[in-house]
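The next block holds one structure in the form of structure tokens; read it before the comments.
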Amino acid sequence: MKKLPVESGKIDEAIKLLSNYIHGKEAALRLALMCVFARGHLLIEDMPGLGKTTLAIAIAKILGLSFGRIQFTSDLLPSDITGLSIFDNNSGAFEFHPGPIFNHIVLVDEINRATPKTQSALLEAMGEKQVTIEGRTYDLPRPFFVIATQNPGEQFGTFPLPESQLDRFMMKISIGYPPRAAEREILKGGSRRKEIYSIEPILEEAEVLAIQEHIRNGIRVSDEMLDYFLDLIGATRSNPFIQAGLSTRGALALTQTAKANAYLQGKDFVVPENVKAVAPYVIPHRVLFREEYDGESKKEILLSILRDLPVPV
Amino acid sequence: MVKIKDTLKISTYACALTGYASVIQHVEKATALLFAGLLILAAGLDSRRPSPLPFKPPRWLLNACSVGILGFFFSRISATYLIEPILNALLLLVAVKLLEEKRPRDYMQVYLLCMFLLVGSSLLSLSAVFLVYFFLLVTLATFSLLLLAYFSQSEDLILTWDNVLKLARHALLISGIALPLTAVFFIILPRTSYPLLNFLQKREVSRTGFTDTVTLGQVSEIQENNQVVLRAEMPRVEERDLYWRGIVMDTFDGSAWSVGKTFKWGTALNPPAGDPVHQTVYLEPYGNRYLFALDKPVHIVAGGARRSQDATYTLRAPLERRIKYTAVSVLSPFLPDPSTEASHYLQLPPGFSPRVEKLVGALKKAAPGDQWVGALQRIFTGGDYQYSLQSLPVSENPLEDFLFVQKRGNCEYFASALAAMLRAGGIPSRVVGGYKGGFYNRAGGYYLVLQSNAHVWVEAYLKDGWLRLDPTPPLHEGLPAGGARDSSMQLKLAMDTVNYYWNRLVITYDLSRQMALLEWLRSSLEKPAITSWKPTLNKRSLLHYAGFPLLCLLACFCLYRFLTERKKPLDRIAARFTRKMAAHGYQKGKAEGLEEFVARIEEEPLREKAQRFVEDFEAIYYGDREATRHSLSRLRNRMREF
């Protein structure tokens, strides 16, 4: 077996440590880590006050990465994200002041509150991993990971992300209310947000990059699994409830996240279970359901596809 | 990547070659050579290299050739020479067709002509090889027709190897299904009791074989022939009893023994003491009328066979095609026959060798009564005389030459000398021709006797009966001793089993057999099968009746496995795993991954074992690790644990 870049025990350790701080969000935490390792971005759709920010900070801390936060509002400008050049009287030249996007992990709160112009500036930076300001191109740090949140309810003054933009997020998850026991713990001990800032990182930046590299090149997808992927993609495209099936970028994201899932399980190959585990978070926000089925049943339709799709063996 | 044009050409040439191979023994040598030449020429024209001819033969010229060929061979047709000219003509037509610039319908004509060739060859002789040609030709023609369907759409189509293989597999499947169906039709289609098309068959007469007169030195010709003369279905007996008695020769002219002109009907003799041995003999056509059975034959049942006084059985006419008969023999060297006319068996040519008579006289003086016969035999078996098939004594008086000069010869010399000397000494004697030894085929339960087993021995009339005396030294090279010890003979015997079953089950299948089968089917349907089967159900008969169908089934199975074997061993292991789990009450869903599946097993120990198996299995299957013999057996062992 190929030697893993990071012992798998380390990641388990990290998850275990974090779950002391973020009660009842282990599933979301795992998905978020998968997303980081698969070089994707995460969209969390949830009600306010369920610990989205805590999650983002926790990941940044445990991975030993820098963290930036942008609160999106309707009057936010692209330069508020990317940064801007300001004339420096002393040197007599324009000096570039990088915006909050020049961090490893960027938490974008309420992404659907900003205008489409600002949104697309962010999304472009997410896609290209670089920012161009006044003719100069600045590379974003690596690893680069955006966690965006949005509130699900239709609200005044929001600009919902179109499908094409949603496609840029590798996963869309929701944290959900914590279980009773976990909430009890929270109520008992109060918010532990402050303590999170003092967590000692378990992984380093270089290790995260190595993991990302390993997932991209070191996890095998056999021919049988490729057929399974193609069958699944084909099924979303031919399903009567779905108007537009999974795009090729979506298919790539599915493969990447399945690989990351396999990695987190300590395997160096992908099995159908890995695909099934990530599909509900990777597929629904990328496919266009027929209007009459749009809504809560999205996940159900996807699960029914997975239930009917024969596995290779 | 191959061009469909090339693939089609290759398969068409293969068709033509198969047709050629099936008829090559029936067509004239000139035709066969001409075909081979034209085929090479056609292949040269078809290959992409510069054409060997300065011009392409125009179609009108080739058509004219075809008409000429047909005219020539049709003019040679006669009532007794009917099929061969047609085969000759058909073969050359195939060659001419191949020379043409080929369009789809030309290809079709080639396949059709090849089929006609095969059918024609089956009218002339139908051996087990026919099945091979049949299967080959049907498969090739089907494959070619499949290709042709694509070819007619686009001539420049390029196929991947995968596609070619796929088409080949389909062709195999089609003919693989057709063959068992053919067998069913063969069994159920009504037959006539008299073979209708036999008049078309060439008389199968082999040149070597016993004739009514055996000239000294002639049997060695027979012995050099390795053809099968008979197969006898019977239990195994002692090797020293394996004397297949056929011809009895009573007249000696100094250099040849012959059968007396006057035929005498045999009267029922007292059979010699001993257990009767039943034989079912399949005798190949060998050009004479004598039937062979183990020494001494008591009874032979064959259409039109008659028994003569000297216990030989003859047909009314020389044997021209393979026949089957049953015989009963008692294995005894002595045949009581008090009614023999002794004087008839004392005949010697006038002026027979004085030297021999002198020798006999000396022997008689030395031993009283009939005891000199033993002394006489010891002369031959004592070591002074050697067995040989080469440089046999041939002169005015070959016997004297053999006895006093060369002292080497084959069985005829020994037998002739002994018989003549016995006669000279006043003891009636005769020379018997037949076969000695044979190879027992355990699989088929029959003796295989070859022409090279041909043998001649002596019967002497002593004490009111005929005693078998074999003066030929027993350990001689050249004449197989009857054991099948060397591996080439074993292989030959194994091959012969196929021929045997072919003759037994296909060639001799007629109306009566069909009726018997029908009757058996009816009775076994009416009565409970166990009671109607039980009396006849023994290992041997089962082997006999099930042998050929089993072979067919085996072939079909192999074919099926070949077609589905693409399935990797891992898939088979996985299938076995799900079957095992189903036996434990856990049915795996089609869309259910292995890990999810084993996770829902409730029994702790079973789940752990299953999980271990799945872990190993997935590492190979999904991890693209090489499925070595070791890792596979490990998987199987894991599976054995549940």
Side-chain angles (χ1 to χ4, degrees), chain A residues 1-4 8 214-215 217-236 238-239 254-255 257-280 283 300-313, chain B residues 160-162 165-166 564-582 586-601 607-608 610-628 630-632 634-636 638-639 642:
Chain A
M1 200 170 187
K2 206 169 141 189
K3 201 174 171 332
L4 292 181
S8 48
H214 177 69
I215 285 173
N217 294 322
I219 306 279
R220 263 169 277 200
V221 180
S222 63
D223 287 344
E224 288 85 1
M225 273 315 295
L226 278 181
D227 283 335
Y228 183 69
F229 275 115
L230 290 170
D231 288 345
L232 177 57
I233 295 158
T236 65
S238 63
N239 191 288
L254 186 65
T255 321
T257 46
K259 280 175 164 184
N261 187 278
Y263 174 76
L264 285 190
Q265 288 184 358
K267 285 186 293 212
D268 66 346
F269 51 85
V270 178
V271 299
E273 283 84 350
N274 298 133
V275 184
K276 288 180 182 187
V278 297
I283 297 178
E300 275 307 307
I301 291 169
L302 181 73
L303 287 176
S304 82
I305 290 176
L306 285 171
R307 263 200 302 277
D308 293 339
L309 191 69
V311 292
V313 67
Chain B
T160 62
W161 274 111
D162 268 359
L165 275 181
K166 208 168 166 184
T564 54
E565 199 42 23
R566 312 274 113 186
K567 227 180 169 186
K568 288 185 261 166
L570 278 178
D571 287 317
R572 265 183 292 150
I573 288 179
R576 222 172 100 200
F577 171 72
T578 43
R579 274 201 303 278
K580 277 209 159 180
M581 286 293 123
Y586 295 99
Q587 198 69 45
K588 182 180 164 299
K590 258 194 156 55
E592 199 172 15
L594 285 171
E595 287 177 19
E596 315 172 62
F597 172 59
V598 295
R600 68 182 169 87
I601 294 173
R607 185 176 64 224
E608 276 171 14
Q611 268 165 346
R612 273 204 297 278
F613 167 81
V614 166
E615 223 167 82
D616 283 358
F617 178 83
E618 286 190 332
I620 300 173
Y621 191 88
Y622 291 118
D624 279 346
R625 298 218 208 307
E626 210 181 329
T628 58
H630 173 71
S631 59
L632 288 181
R634 208 174 97 142
L635 278 181
R636 291 197 188 97
R638 281 241 188 279
M639 207 167 357
F642 330 138

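To find a chain, count down the sequence lines: A is the first, B the second, and so on, and within it residues start at 1. What's counted below: heavy atoms across the whole structure, side chains too, no hydrogens, waters or symmetry copies.
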**Report entry** Residues K267(A), E595(B): salt bridge by 4.0 Å N-O rule
**Finding:**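 A salt bridge links K267(A) with E595(B).
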Query - Under 4.5 Å from a heavy atom of chain A, the part of F577(B) involved - result: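 When you check distances to chain A, no heavy atom of F577(B) falls under 4.5 Å.
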Requested in this report: Show the numbers, then the answer: is there a side-chain contact (heavy atoms from CB on, under 4.5 Å) between L594(B) and V313(A)?
Outcome: CA-CA 8 Å; L594(B) 285 171; V313(A) 67; 3.9 Å; yes
Requested in this report: Determine whether K588(B) and V311(A) make a side-chain contact, defined as any pair of heavy atoms from C-beta on separated by less than 4.5 Å.
Outcome: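 Touching, per the 4.5 Å side-chain cut-off.
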Query raised in the report: Heavy atoms, side chains only, cut-off 4.5 Å: are E592(B) and R307(A) in contact?
Result: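 The answer is no; the side chains never approach within 4.5 Å.
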Query raised in the report: Which region of I219(A), side chain (C-beta onward) or backbone (N, CA, C, O), has a non-hydrogen atom less than 4.5 Å from a non-hydrogen atom of chain B, or is it both or neither?
Result: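 Interface part for I219(A): neither.
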Query raised in the report: Does any heavy atom of chain B fall under 4.5 Å from the side chain of V270(A), the backbone, both, or neither of them?
Result: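 Backbone only.
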Query - Side-chain donor/acceptor of E596(B) to backbone N/O of E273(A), under 3.5 Å - result: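 Between the backbone of E273(A) and the side chain of E596(B) there is no qualifying donor-acceptor contact (under 3.5 Å).
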Query raised in the report: Which heavy atom in S222(A) sits nearest to a heavy atom in Y622(B), and how many Å separate them?
Result: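 Looks like CB-O, 3.4 Å.
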Query raised in the report: How far apart are the closest heavy atoms of E224(A) and Y621(B), and which atoms are they?
Result: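 Taking every non-hydrogen atom into account, CG-OH, 3.2 Å.
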Requested in this report: Would you indicate whether R607(B), at its atom CZ, is surrounded by more than 12 heavy atoms from other residues, nucleotides or ligands within a distance under 6.0 Å?
Outcome: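 Counting other residues, nucleotides and ligands, CZ of R607(B) exceeds 12 neighbours.
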